Number of protein chains: 2
Amino acid sequence: LVDIKNLKKTYKMGETYVKALDGVDVLINEHEFVSIIGPSGSGKSTLMNMIGCLDSPDEGSYHLEGIDVSEMSDGKLAMIRSKKIGFIFQGFNLLPKMTALENVEMPLIYQHYSHKKRKSRAIESLEKVGLGDRLHHKPAELSGGQQQRVAIARALAANPPIILADEPTGNLDSKSGQEIMDLLVELHNKGNTIILITHDDYVANVARRKVCIMDGKITEDVEVFR
Amino acid sequence: LVDIKNLKKTYKMGETYVKALDGVDVLINEHEFVSIIGPSGSGKSTLMNMIGCLDSPDEGSYHLEGIDVSEMSDGKLAMIRSKKIGFIFQGFNLLPKMTALENVEMPLIYQHYSHKKRKSRAIESLEKVGLGDRLHHKPAELSGGQQQRVAIARALAANPPIILADEPTGNLDSKSGQEIMDLLVELHNKGNTIILITHDDYVANVARRKVCIMDGKITEDVEVFR
Ligand SMILES: Nc1ncnc2c1ncn2[C@@H]1O[C@H](COP(=O)(O)OP(=O)(O)OP(=O)(O)O)[C@@H](O)[C@H]1O
Ligand SMILES: Nc1ncnc2c1ncn2[C@@H]1O[C@H](COP(=O)(O)OP(=O)(O)OP(=O)(O)O)[C@@H](O)[C@H]1O
Ligand SMILES: [Mg+2]
Ligand SMILES: [Mg+2]
């Protein structure tokens, strides 16, 4: 599914260079549940943005379902981002002028649902993350953890086959965090592929496989035993 | 130091009311190290904003160092916010057009340091959170955890007597999180008062006292034994 070889990303800052990704190789198959861990600044979000087709590398290759992503048309990339991949951003990226409900409805617009069905699916998704009573709050009218949960509900609303979650529980108490992990496990059991970045050991061990990144390189790639 | 009685904050949302704070009483003395814990949406950040003089309640009273905050002049409030209190925000609140260094220098401007001293203090603060090599990156050129650390460095740079930290380790791996907690413990030993909101049990137990909030009310207020 996700076939990445020798991926590199370097930022030029004045006279110096920051090697965000320094030759990453990783292969992830359908239906896997993979966690990505590593120190702050090690390259996790940068890698995730590559996988999610939101950014492109300076070197190396990325084949998604066998097709070279760098050869894809803009239309094909847009389709992938709206239909194949659900992205839970580390910084949430909610639209500030829209309510929680409107934010969660956004990806459903591409699914060609009726307005009525879109609304009921979005409500259902928000209820699953415990925000059934916050539908009409805008992001500034929500707590940090509630904003994070809107971001989660939005990524899951269209039930995309690939879910990319960048630190989905960072702002949540352990009970709310556990409810989110239960949701992801449930989706994995139904066949979704889940790749999640986390700083939380408990969360990392819910996955079946742990990939460790340090200074833009993969240092470990292990199966999780419970 | 912080004397809060029957604090209430209610948001009107169309026909319904959200009781963010529903009668909170809490007394915090100088040099204490208090952690505030509770579920997502329970009122922690709202309470912190009251303590930090960034928001005012609908009912109840808040005396800071014996003075009723609701009676304070704008000038007095501004002085408190810039000199007495260092605030680490849950959402960081960094200025996007400024570099890490410039963001951390901001509170030092009120200290009337020379330009040279301000810069060296800001650099020192960023080095303490491990960002000595990221001084000239803007927020969008930093990882999530690096942005969080800039927010921490900014709050600590002027060595304010009261430090309010809203989930300071949410985006950090355990090693970076531990370094931040070591910093806070060091400041507490030097005499600072620290109030910190956290979802992390380990972090909560570094404090000397734990206050638990649920549905806008305090449900527990206990000493931490190790
Ligand atoms: N401007 C607002 N309008 C309406 N409701 C609000 C507003 N700001 C906050 N709330 C509500 O007040 C409650 C308390 O919010 P607060 O940010 O204090 O929670 P919190 O304990 O910090 O949560 P978290 O752990 O998720 O950060 C939440 O349920 C939130 O939806
Ligand atoms: N636009 C940019 N310009 C320069 N450097 C950048 C830029 N974006 C990211 N970086 C650097 O690339 C490195 C990797 O960033 P990335 O966001 O992938 O880290 P991360 O592993 O997700 O960290 P965290 O756990 O803190 O979220 C960081 O050291 C960061 O400073
Ligand atoms: Mg990241
Ligand atoms: Mg909060």
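This one's a predicted model, so the numbers in the text were calculated from it and none came from an experiment.
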Please say whether more than 12 non-hydrogen atoms of neighbouring residues, nucleotides or ligands are located less than 6.0 Å from NZ in B:K210. yes
Option that, when pairs with chain A are counted at under 4.5 Å, heavy atom only, ranks first among B:R134, B:E167, B:H137, B:K44: B:H137
Just verifying a value: how many Å separate B:D173 CG and A:T198 OG1, rounded to the nearest 0.5 Å? 11.0 Å
Around atom CG of A:D221, are there more than 12 heavy atoms of other residues, nucleotides or ligands at under 6.0 Å? yes
Look at A:P39, A:S42, A:G130 and state which one has the largest set of heavy-atom pairs under 4.5 Å with chain B. A:P39
Considering heavy atoms only, which positions within residues 174-186 of chain B lie below 4.5 Å of chain A? B:S176
Just checking heavy atoms, which of residues 87-103 of chain A are less than 4.5 Å from chain B? A:Q90
Please identify, among A:R149, A:H136, A:H199, the residue contributing the most non-hydrogen atom pairs under 4.5 Å to chain B. A:H199
Sort by residue number and list every residue of residues 12-27 of chain B having at least one heavy atom under 4.5 Å from chain A. B:M13, B:V18
Tell me the residues of residues 139-148 of chain B whose non-hydrogen atoms fall below 4.5 Å from those of chain A, in number order. B:E141, B:S143, B:G144, B:G145, B:Q146
